[in-house]
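This report refers to the structure that appears directly beneath it.
A note on names: the letters A, B, ... follow the listed sequences, proteins ahead of strands, and every chain is numbered from 1.
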Amino acid sequence: QENLDAQKTAFVLRKAWTLYSVTPLYGFRRGRLRDYARLLSAFIAAEKQKGLAVEVGVELDIKVALSSLADLRGSELDQAGLLVQLSSRSRASSRNSEDKLLWSGWFCSMFGDDLSENVPENFTCLPLFLTHGAESYTALVGSWFQKTFDCCFRRLAISPLNLSWMVAMWAGYKLDRAASAVELVFSMPRLSHPLDISYAIHPEDAKALWDTVQKTPGEITQGEVDIFMDCLYAHFHRHFKIHLSAAKLVKVSTGIASAHCDGIVKILHSQYLPGVLMLLTELAISQIQ
Amino acid sequence: HLATSLPLPSERDHLRPRIDMVVFMIDITSKYSLKNVETSLAHVDANFFLGKVCFLVTGVGRVNACSIETNAVCKLAEAYCSPVLFCELELEGIRAATAQRLLRMLQICAGHIPGVSALSFVSLMRNSNDD
């Protein structure tokens, strides 16, 4: 796996990103980023005028910046990532005050060859979109992109099946320093009052379990993930007489990253960023297709 | 007759009518339901697998709540030479249509349809696998 420039990708770490899948963008020109920033800025200002104000009572000048993330790509076939940032400079503050970052969103494709291989010319494939910030800004930016590049955004939910894949994979990664516990959160179905069960496992125990299950390093099969999860379920049942396999897995957390079924991820470690992004790109592509 | 797992309690054996068909229900949101079915299958007499067993996968409308791979269910059904039906019980139309299909299958399994036996299900399945 390539080692991404830690400084350039630092903005990704330790933030909760909301995931979307995006269909290919039509007519996107990498050289026109400044123009696009200007157009998006004008669009946001116009929407504010229309009364669709994002923040009531606060006068904000919204500054838009678009930049390429050359490092955020997997193979040569991938498009470089695209970062969109909305910052504010309050009119009341002095000339020297710094812009405050209000919202960021970035498009990326990490080994998304399955999609980019099959698109006609003039389409740019960046199937994964991650946002951090108010939902109202996400809606504004999203609708501008949809209008301008004829693409479609959809929230990317993560099924329990995919969450278990993630926890098995991430629990097996080696971490240099002391890692946090591997945690799985389950939601119990069909109860009058919602009940969540949090199952925390010592990271070394989880890694030891995965090491006995995984046969080929670098390769993971569904069968291996099933065995890993079955061991965890069996252990829990032995102690608490509850079948976690009948509940819905809603969130997984490891020292590498955490993911929630509503399509929210947090990546904690730059070393495994490409792997995590690759998995998320795959999920985004299967939602598109 | 509904049961949460097999084998059926032996105390009621003498009161039970003849069993013409067994439908194993698998909830796609529950890994446990698949495990339960796998264990229960062991208690079914081999003769039933000549067209009198069917797998019914429910909850397929909720793609984002999947805890089981549909591939795994299809492989299981293939191993037991039995058909799989997919449905979403929450939708009335699909629920009614599925019930009608099962009823039709049951009529055949019970021998109420002249000229068609449960064995035809097995041969029908083989044809679709050849595609």
Interchain donor-acceptor contacts below 3.5 Å (chain A, chain B):
unit_1: A:L161; atom_1: N; unit_2: B:C66; atom_2: O; d: 2.9
unit_1: A:D230; atom_1: OD1; unit_2: B:K31; atom_2: NZ; d: 3.4
unit_1: A:D230; atom_1: OD2; unit_2: B:K35; atom_2: NZ; d: 3.3
unit_1: A:S245; atom_1: O; unit_2: B:K31; atom_2: N; d: 2.9
unit_1: A:S245; atom_1: O; unit_2: B:Y32; atom_2: N; d: 3.0

| Side chains of A:L128 and A:M110: closer than 4.5 Å at any heavy-atom pair? | no

| Does the side chain of A:T138 pick up a donor-acceptor pair with the side chain of A:W103 at under 3.5 Å? | yes

| task | Assess the side chains of A:D113 and A:S75: does a donor N or O sit below 3.5 Å from an acceptor N or O? | result | yes

| What part of A:L163 lies closer than 4.5 angstrom to a heavy atom of chain B: side chain, backbone, both or neither? | neither

| Do A:W17 and A:F129 have ring centres separated by under 6.0 Å? | no

| field | Under 4.5 Å from any heavy atom of chain A - which part of B:I68 | value | backbone

| field | For A:D114, salt bridge (Lys or Arg N to Asp or Glu O under 4.0 Å) partners two or more places apart | value | none

| query | Are B:L6 and B:F24 close enough that some pair of their side-chain heavy atoms sits under 4.5 Å apart? | reply | yes

| said: I'd like to know if the side chain of A:Q79 pairs up with that of A:S116 as donor and acceptor (distance under 3.5 Å, no hydrogens or angles considered). | reply: no

